[in-house]
Amino acid sequence: MSLAPALLLTLPWWAAPVALARRLRHTPSLDEVPPDPPVAAPRVSIVLPARDEATHIAACVSSLRASTWPALEIVVVDDHSTDGTGELARAAAAGDPRVRVVSAPDLPADWFGKQWACHTGAREATGDWLLFTDADTRHGSELVARMMAMRARRHADLFSVAGHQAMGTIWEQAVQPSVFTLILGRYGGADQLERATHPRDVVANGQCFLISRAWYDQIGGHVAVRQYVAEDLMLAQRTVLAGGRVSMALGVRHLSTRMYDGLASLMKGWGKNLYAGGRHAMWGGESVRKWLYPLLLLAFPFGIVGPFLGALLGAALGWPMLLTWGVSASLAVLSSFALANVLNRDPAWRVIYAPLGGLVLLFICLKAITRGDQVEWKGREYISH
């Protein structure tokens, strides 16, 4: 019996790691640019929104203060925290005139909290360049200098960095590579972003992105994306819509983020983004996105889990065609996970978590689809546009 048909059916799975490898090869690294700031360095304002970030805020502020960029301003926006985030930020910034901790005004009814805090920080900022970041990030001392240099080299109007993703639990190590593979597979690397002419073909990393004050004001800032859960995605889209250029670089040695600290926060975090935010990355009208996007979203975790199930069933039932398809497609899935782990400077052996990651991601997607545009985050309920 020829097994060629079974192998041919695995080509879509093998296309994924091949495409990922090619795209990563054409994505620059911040290590390629010099770490020294220019003599006449423009003023950069770092805007750091924080709501109930007592676990992270002190370490984040300390890492920002270590920056080598000479003309630096740090604006921390305490977004009505109840865990002492504001006080911890002030203590971490004590004696440093570059750092200001401000309190966000009351949240308007038609705003998401993060966007309101970013908008508040942008109004307080005095820099020619705005760098928005999250409290769960840690910045290397050369990050700002390298970002400014790479942004200039790539001629980008909105520039973000894909840093190291810190993952402490098996749940994070299983799910995070699959999500990042999905995002990279959809958008590609820097070359694809820079060549994009349609807004739906660009994305930005809200954990750390840079934009000039002029461009920020031109695209409407966070006011224009105040009701979208994926505000980074929408800011990137508005930049291209206005004729600007979006780009990204790898910075795993210069930026680290611990997005979630376990299964519960991981499911809640991705649950709010994958459907309500991700559907804006899809082509077509509103009705097409409403009915087709859920199917496409579910296809990804099924594509991870299916080959492993096929291999098990093929072996158990003695069906060589199914076994061949399952084994070959499973190896392709493992190859994609290996690339994601190597990119993140993690051990390649973590690919063994791929089936678990697919199952958890499937549950996250199902739950996100049932919630639809309803989003809950840090004690607040929203309806995402």
Side-chain angles (χ1 to χ4, degrees), residues 23 26-30 32-33 38 40-47 110-112 114-116 118-119 121-123 125-133 144 146-162 183-251 273 277-286 288-289 293 384-385:
R23 288 173 169 181
H26 296 291
T27 296
S29 168
L30 292 183
E32 299 172 14
V33 292
R43 187 170 179 81
V44 174
S45 295
I46 299 178
V47 177
D110 60 341
W111 280 76
F112 274 60
K114 181 180 180 180
Q115 285 89 312
W116 180 242
C118 288
H119 173 68
R123 288 192 301 180
T126 60
D128 300 314
W129 290 88
L130 303 175
L131 194 160
F132 293 92
T133 192
V144 177
R146 291 183 184 271
M147 284 185 70
M148 291 290 284
M150 184 61 78
R151 185 220 63 82
R153 175 182 290 188
R154 307 298 293 196
H155 305 288
D157 301 300
L158 189 153
F159 178 77
S160 56
V161 173
I183 295 172
L184 185 59
R186 167 62 181 90
Y187 294 103
D191 284 354
Q192 285 75 28
L193 294 178
E194 291 168 2
R195 290 198 302 265
T197 57
H198 195 285
R200 294 196 185 278
D201 289 333
V202 294
V203 71
N205 181 12
Q207 297 167 0
C208 184
F209 72 92
L210 183 71
I211 187 170
S212 70
R213 166 67 75 173
W215 264 99
Y216 181 76
D217 291 340
Q218 180 177 339
I219 64 175
H222 283 86
V223 177
V225 299
R226 64 187 181 277
Q227 293 180 302
Y228 294 92
V229 65
E231 85 291 342
D232 47 2
L233 171 71
M234 302 310 295
L235 285 170
Q237 289 189 4
R238 291 189 67 86
T239 299
V240 170
L241 190 63
R245 183 181 174 99
V246 173
S247 189
M248 183 179 289
L250 301 176
N273 284 327
R279 62 191 176 87
H280 293 289
M282 184 176 172
W283 285 71
E286 184 62 33
V288 174
R289 294 197 300 271
Y293 179 68
S384 179
H385 281 202

### S45 side chain to G127 backbone, donor-acceptor under 3.5 Å
yes
### Task
Report yes if the distance between the aromatic ring centroids of H222 and F112 is under 6.0 Å, otherwise no.
no
### Query
Rounded to the nearest 0.5 Å, how far does CE of M248 lie from CG of N205?
5.5 Å
### Message
Rounded at 0.5 Å granularity, tell me how far CG in L30 sits from CE in M150.
### Response
5.5 Å
### Summary
When rounded to the nearest 0.5 Å, the distance separating CD1 of I211 from CG of L158 is 4.5 Å
### Query
Quick one: does R238's side chain have a donor or acceptor within less than 3.5 Å of a partner on I219's backbone?
yes
### Message
Regarding D201 and R195, does a basic nitrogen lie under 4.0 Å from an acidic carboxylate oxygen?
### Response
no
### Query
Is it true that the side chains of R151 and S247 contain a donor and an acceptor less than 3.5 Å apart?
no
### Query
Counting distance only, does the side-chain N/O of E231 pair as donor-acceptor with the main-chain N or O of Y228 below 3.5 Å?
no
#### Entry: Contact summary for V47 and G121, nearest pair of heavy atoms
CG1-CA, 3.8 Å
### Message
Donor-acceptor pair, distance only, cut-off 3.5 Å: does the side chain of T27 make one with the backbone of A190?
### Response
yes
## Note on the structure
Taken to the nearest 0.5 Å, the spacing of L210 CG from F132 CZ works out to 10.0 Å
### Message
What I'd like to find out is whether the side chain of P28 reaches to under 4.5 Å of the side chain of R153, using heavy atoms alone.
### Response
no
### Query
How far apart are the closest heavy atoms of V202 and Y187, and which atoms are they?
O-CE2, 3.3 Å
### Message
To check you understand the geometry: which heavy-atom pair defines the closest contact between G243 and W215, and what is its length?
### Response
C-CH2, 3.9 Å
### Task
Please report the C-alpha distance between V246 and D157 in whole Å, then the side-chain angles of each, then the deciding distance to 0.1 Å, and finally whether the side chain to side chain contact (heavy atoms under 4.5 Å, CB included) criterion is met.
CA-CA 6 Å; V246 173; D157 301 300; over 6 Å; no
### Point-to-point distance, once rounded to the nearest 0.5 Å, from CD of Q227 to CG of D110
5.0 Å
### Query
Looking only at atom types and distance, does a side-chain atom of D128 sit under 3.5 Å from a main-chain N or O of P42, one as donor and one as acceptor?
no
### Message
Closer than 3.5 angstrom, by distance alone: can the side chain of S160 be matched with the main-chain N or O of A204 as a donor-acceptor pair?
### Response
no
### Query
Looking only at atom types and distance, does a side-chain atom of R154 sit under 3.5 Å from a main-chain N or O of F159, one as donor and one as acceptor?
no
### Query
Which pair of heavy atoms, one from T133 and one from Q207, lies closest together, and at what distance?
OG1-O, 2.8 Å
### Message
Could you report the tightest heavy-atom contact between L235 and F209, atom names first, then the distance?
### Response
CD1-CZ, 3.7 Å
### Task
Give, for atom OG1 of T239 and atom CZ of R245, the distance between the pair rounded to the nearest 0.5 Å.
13.0 Å
### Query
So do W129 and R213 actually touch side chain to side chain, heavy atoms under 4.5 Å?
no
### Query
So do V240 and H198 actually touch side chain to side chain, heavy atoms under 4.5 Å?
no
#### Entry: Salt-bridge criterion met for K114 and D232 (N-O under 4.0 Å)
no
### Task
Please list, chain by chain and in numerical order, all residues satisfying side-chain contact (heavy atoms from CB on, under 4.5 Å) with R123, sequence neighbours excluded.
P105, W116, H119, T120
### Query
With no hydrogens and no angle check, is any side-chain donor or acceptor of E32 less than 3.5 Å from a backbone partner on S29?
yes
